[in-house]
Amino acid sequence: MSRDVCIVGAGVAGIGAAYALRTTDANVTILEKSRGVAGRAATRRKNGCRYDHGANYVKEYDERTADLISDLGTDGLVDIEEPIWTFDAAGDIAEGDDRDEHKWTWEAGITQLGKRLLDQTNATVERETRVAAIDRDYETGVWSVVDTDDVRHGPFDVVLLTPPAPQTAGILTEMGWGSQEMVALREAIGSVSYRTIRSVMLHYDFERNDPWYALVNPDKEHDIGWLAREECKDGHVPDGESLLVVQMSPEWSSEHYDDDPDEIARTAADKVATLLGDERLRDPDWVDHQGWRYALPNGSAFEEVIRRGEEAGLYFAGDWTVGEGRVHAALWSGIETGERIIDQF
Ligand SMILES: Cc1cc2nc3c(=O)[nH]c(=O)nc-3n(C[C@H](O)[C@H](O)[C@H](O)COP(=O)(O)OP(=O)(O)OC[C@H]3O[C@@H](n4cnc5c(N)ncnc54)[C@H](O)[C@@H]3O)c2cc1C
């Protein structure tokens with residue numbers, strides 16, 4: 001008997017689950033609030049540039065990740081060769097302890113990871129569909145999902161929620177299933193806190209010849225947390241130009257999250273110019289912005305609690321379920337959750 005599975009969120013966790021389910025005859029529907037897929041591991045295009053404005057790359061964390069990436073095809077695969085260096089609170093730059101792990105993205109951007117996985121599935125992706133609530137029919141045990149336009153989707157045998165924990169907790173708030181279980185679930189999920197990041201992209205019509213791909217601030221005392229040269233990724237920035245992806249520190253980002261984006265870009269450009277000792281960097285010829293309120297989870301929800309709904313067909317996946325704000329962690333949480341769903345069929 002074919003099963004109907006609804007996955008909320010087309011980030012790498014949701015897509016990973018659909019990828020695991022590709023070997024079954026499940027009808028998989030992914031409901032995604034944005035126009036694009038891959039969530040925090042997505043890519044933007046502007047003025048002839050491509051840039052990974054959230055996750056910068058996927059680390060070759062382990063063998064299964066390496067195998068999966070190579071199975072997706074090596075055409076357009078980019079291994080960022082330049083190292084990551086560090087800077088401290090005083091702005092002193094030093095060579096980093098950049099171990100020889102591969103740092104993968106694609107010429108067409110890191111969004112390729114999600115897109116290539118998705119291409120191997122039969123999942124239907126309904127974009128610009130923001131889920132507001134889920135509901136369970138006690139008699140039949142089937143689930144339905146209601147979006148913010150009040151459209152009801154379903155029935156589904158299984159619902160998998162993958163948005164960041166606070167957004168997932170919000171979806172559960174509207175639900176009346178088994179009150180005790182629900183209270184425990186909402187508390188476990190709602191307890192996961194996040195670091196906030198403002199990303200600013202600064203474009204220049206000249207190139208710099210730095211020996212590093214990115215600079216990271218390990219003492220976490222600087223207003224800039226991370227600064228990367230997107231031109232180190234083949235296919236991202238035309239020759240003769242540079243595009244800096246700046247992630248302001250979580251403390252600075254939380255404090256200035258709602259500031260005027262252009263003001264944020266001006267401040268970021270000033271801080272970058274000072275850090276790199278290059279006055280030209282104060283005047284980018286164009287900028288772009290992205291606020292990530294839920295950028296990186298600080299921990300995970302208690303696994304035993306979030307698995308309690310599985311017998312009834314309610315699953316959770318995402319970086320917050322494993323406590324690691326990393327693409328590979330989110331991806332494998334999705335794939336492994338997909339495998340548990342299959343076991344239940
Ligand atoms: C600035 C930044 C830099 C990072 N750098 C790196 C890096 O270099 N390397 C690395 O490995 N990791 C990095 N990460 C972390 C990595 O991006 C995440 O851990 C990973 O992408 C999380 O995937 P996910 O599927 O769990 O969640 P998400 O990517 O957040 O996916 C959740 C999806 O759910 C959708 N959604 C949310 N609410 C709803 C709703 N109500 N209805 C429908 N859809 C909804 C969202 O639009 C999104 O597409 C970075 C993250 C950020 C923000």
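All values below come from the heavy atoms of this structure, side chains included, with hydrogens, waters and symmetry mates left out. Just so you know, ligand 1 is whichever comes first in the structure, and atom 1 is the first atom listed for that ligand.
Close contacts between ligand 1 and T162 involve ligand atoms 32 (C) [criterion: under 4.0 Å to a heavy atom].
Legend: salt bridge (charged side-chain N to carboxylate O under 4.0 Å, His left out) pairs involving residues 146-167, not counting sequence neighbours, sorted by first then second residue: D135-R152.
On a distance-only criterion, E324 and ligand 1 share no N/O pair closer than 3.5 Å. Considering backbone and side-chain N/O atoms, N56 comes within less than 3.5 Å of an N/O atom of ligand 1. Considering backbone and side-chain atoms alike, V12 places an N or O below 3.5 Å from some N or O of ligand 1. For A13, a nitrogen or oxygen atom sits less than 3.5 Å from a nitrogen or oxygen atom of ligand 1, counting backbone and side chain alike. Geometrically, ligand 1 and R326 share a nitrogen or oxygen pair separated by less than 3.5 Å.
Heavy atoms of Q247 approach ligand 1 to within less than 4.0 angstrom. Not a single heavy atom of T148 sits less than 4.0 Å from an atom of ligand 1.
The pair K33-E128 fails the salt-bridge criterion, with no side-chain N (NZ, NE, NH1 or NH2) lying under 4.0 Å from an Asp/Glu carboxylate O.
The neighbour count for R45 CZ, taken as heavy atoms of other residues, nucleotides or ligands under 6.0 Å away, does not exceed 12. Within a 6.0 Å radius of CD in E304, other residues, nucleotides and ligands contribute more than 12 heavy atoms.
The nearest protein atom to atom 51 (C) of ligand 1, hydrogens excluded, is given as L296 CD2, 3.8 Å; this is a heavy-atom distance. With hydrogens left out, the protein atom closest to atom 34 (O) of ligand 1 is G9 CA, 3.3 Å, a heavy atom. Shortest contact from atom 46 (C) of ligand 1 to any protein heavy atom: E32 OE2, 3.6 Å. With respect to atom 41 (N) of ligand 1, the closest heavy atom belonging to the protein is V131 O, 3.0 Å. Regarding atom 30 (O) of ligand 1, its nearest protein heavy-atom neighbour is R40 NE, 2.8 Å.
A distance-only check finds a donor-acceptor pair linking the side chain of W143 to the backbone of A312 [under 3.5 Å].
The closest non-hydrogen atom to atom 37 (C) of ligand 1, taken over G16, P163, G54, comes from P163.
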